[in-house]
2 protein chains.
Amino acid sequence: MLGSDGLNSKEKILTQAKTLFAEKGFSGVSMRNLANKVNMSVASIYHHFPDKNSLYLETVQFAFQDKAVVFSAIWQGKSPAEQKLALFVNALIQELAKDREFHCLIQRELVDANPVRMEMLAKDVFHEEFSFLLNVMKEITPERDAHLAAISVLSLCKYHFEMQPIRCFLPDWKPEHEEPQVIANQVMKILLEGIL
Amino acid sequence: MLGSDGLNSKEKILTQAKTLFAEKGFSGVSMRNLANKVNMSVASIYHHFPDKNSLYLETVQFAFQDKAVVFSAIWQGKSPAEQKLALFVNALIQELAKDREFHCLIQRELVDANPVRMEMLAKDVFHEEFSFLLNVMKEITPERDAHLAAISVLSLCKYHFEMQPIRCFLPDWKPEHEEPQVIANQVMKILLEGIL
DNA sequence: GTCTATATGGCGATAGAC
DNA sequence: GTCTATCGCCATATAGAC
């Protein structure tokens, strides 16, 4: 039942599907491409998934499933709110740097903006994480709009990675700008002092 | 030569292509879809463009072509650097709010990350604008890394729009969070004071 | 510059043997 | 659970008439 990589067929399919969908998007990947990549026939894939859309949905859920664990330790900890925020920023940036495919999948989901998938993602994945961040922001700056502040924190972390493909062609770019630690430090500095 | 909308056939095709590519992406749009939308045959489109890829490239350039004009007045003005930054943030957010298709096309380009198109975009479109922003940042905070600071300014503006499809499902969202002026004020406040 | 008709191949999905 | 073979359709692109 398990291959030499310790994965059963379904997991093998999902792993490669994650790679392909992240790279090319839903309509950029054919069942034949995927079958090729996992060394199976198309018909075998259809044995595990009823259709391409279901496969895509399961792939997205598969890509998200281990992410919540990383952050819960931070939110459950006993640090003061400011420190929780710093730990979260660091952890998020590390996670985005480590799992590029995860990052690309989110970006594609947001631009495709399928309303059904969007609500599913919001409820099943983002709601809890966002609530924790929201509470920390409320504690830190009760006079501010916590929702906008939380989005801004996420912006500062995530957009560095979205700009990665083009940044290296822009003036004053340095290789060190790609290091997660450098990015995280910069984000925290802005959050602490502003930029002006 | 010109239709009742004042556009010739090529412009009509590019206008609808911009809408479709922004919504569905390159591989999500077929030549038949597009032909349908402009009330032409597929063959007629191929009279104006040699293939789908060229059509896509021209569409992206078409979508970008009027954008530089909006900002040059700000950079050329005689305001102090801090005020130029504030004007830029406002103008960028207004532009993103006004032209959603433009916003989606950028997001898709960044996630597709075709190296050839990326370098083309960087050189032809972003280089000049980014340089102006960079110079303003250097003047405002000479001790900071200007490249990272400039990216952070763009992050704060652009990511609010990227999160738009999911934000309304997240806790504490209010309709006013979609107003460009509210977003711009929030961005400037963070840049001035930080968040903590 | 626009059309109809068509060539050629890839697509998602299924039938049925092993 | 995996395969080969195949269906019916839609994709990009072209030929050639008007």
Side-chain angles (χ1 to χ4, degrees), chain A residues 1-63 105 108-109 112 114 116-117, chain B residues 1-63 105 108-109 112 114 116-117:
Chain A
M1 178 179 174
L2 299 183
S4 58
D5 45 8
L7 300 175
N8 61 31
S9 291
K10 190 162 181 176
E11 289 167 339
K12 222 183 303 181
I13 295 167
L14 286 171
T15 304
Q16 295 303 322
K18 181 185 168 190
T19 305
L20 285 176
F21 283 135
E23 200 181 332
K24 314 261 191 189
F26 180 82
S27 48
V29 176
S30 73
M31 299 299 276
R32 285 165 163 86
N33 295 155
L34 178 58
N36 219 358
K37 196 134 184 177
V38 291
N39 287 314
M40 275 186 189
S41 69
V42 173
S44 297
I45 296 180
Y46 277 98
H47 173 79
H48 296 280
F49 305 90
D51 52 36
K52 190 187 176 186
N53 206 60
S54 305
L55 163 65
Y56 178 74
L57 264 178
E58 280 206 51
T59 304
V60 172
Q61 288 166 332
F62 175 75
L105 277 179
R108 288 193 186 277
E109 279 296 294
D112 283 348
N114 177 301
V116 176
R117 293 208 308 267
Chain B
M1 178 178 175
L2 298 184
S4 59
D5 45 9
L7 299 175
N8 62 31
S9 291
K10 190 162 182 176
E11 289 166 339
K12 222 183 303 182
I13 294 168
L14 286 172
T15 304
Q16 295 302 321
K18 180 185 169 190
T19 305
L20 285 176
F21 282 134
E23 200 182 333
K24 313 261 190 190
F26 180 82
S27 48
V29 176
S30 74
M31 300 299 275
R32 283 163 153 90
N33 296 155
L34 178 58
N36 219 356
K37 196 133 183 177
V38 291
N39 287 313
M40 275 186 189
S41 69
V42 172
S44 297
I45 296 180
Y46 277 98
H47 173 78
H48 296 279
F49 306 89
D51 53 35
K52 189 187 176 186
N53 207 60
S54 306
L55 163 66
Y56 178 74
L57 265 178
E58 281 206 50
T59 304
V60 172
Q61 289 166 332
F62 175 76
L105 278 179
R108 289 193 186 277
E109 279 296 294
D112 283 348
N114 177 299
V116 176
R117 292 208 309 266

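Only heavy atoms go into these numbers, but all of them, side chains included; no hydrogens, no water, no symmetry mates. Naming: A, B, ... by sequence-line order, numbering from 1 per chain.
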Cation-pi, A:Y46 ring and A:K52 (6.0 angstrom, 45 degrees): no
Residues within residues 52-61 of chain B bordering DNA chain D, heavy-atom distance below 4.0 Å: B:K52
Expected output: side-chain B:N114 to main-chain B:V116 donor-acceptor under 3.5 Å: yes
Shortest non-hydrogen contact from B:A35 toward B:S41: CB-C, 3.9 Å
Shortest non-hydrogen contact between B:S27 and A:S27, atoms and distance: OG-OG, 3.4 Å
Of residues 13-24 of chain B, the positions that come close to DNA chain D - non-hydrogen atoms, cut-off under 4.0 Å: none
Consecutive Watson-Crick or G-U pairs in runs of at least 3, all under 3.5 Å, in which DNA chain D is involved: C:1-18 with D:1-18
Distance-minimising heavy-atom pair for A:K24 and A:V29: CB-CG2, 3.7 Å
Near-strand residues of residues 25-36 of chain A, defined as heavy-atom separation under 4.0 angstrom from DNA chain C: A:V29, A:S30, A:M31, A:R32
Nearest-0.5 Å distance that lies between atom CG in A:L20 and atom OG1 in A:T15: 11.0 Å
B:F49 six-ring centre to B:K10 NZ/CZ under 6.0 Å and within 45° of normal: yes
Rounded distance [0.5 Å steps], CD in A:E58 versus NE2 in A:H48: 11.0 Å
Spacing of CD belonging to A:E23 relative to NZ belonging to A:K18, to within rounding of 0.5 Å: 13.5 Å
Covered region of DNA chain D, 5' end to 3' end, by chain B [heavy atoms, under 4.0 Å]: D:dA11 to D:dA15
Spatial distance of atom CG (A:L57) from atom CG (A:D51) [nearest 0.5 Å]: 9.0 Å
Whether B:Y56 and B:F21 hold their rings parallel, tilted or perpendicular, with breakpoints at 30° and 60°: perpendicular
Residues in salt bridge (Lys or Arg N to Asp or Glu O under 4.0 Å) contact with A:E11, at least two apart in sequence or another chain: none
Residue from B:N33, B:T59, B:N36, B:V38 passing side-chain contact (heavy atoms from CB on, under 4.5 Å) with B:Q16: B:V38
Given DNA chain C, 5'-ward residue of the pair B:V42 and A:P50, judged by closest heavy atom: B:V42
Distance in Å, B:M40 CE paired with B:I13 CD1, rounded so as to fall on 0.5 Å steps: 4.5 Å
Spatial distance of atom NZ (B:K12) from atom CG (B:N39) [nearest 0.5 Å]: 8.0 Å
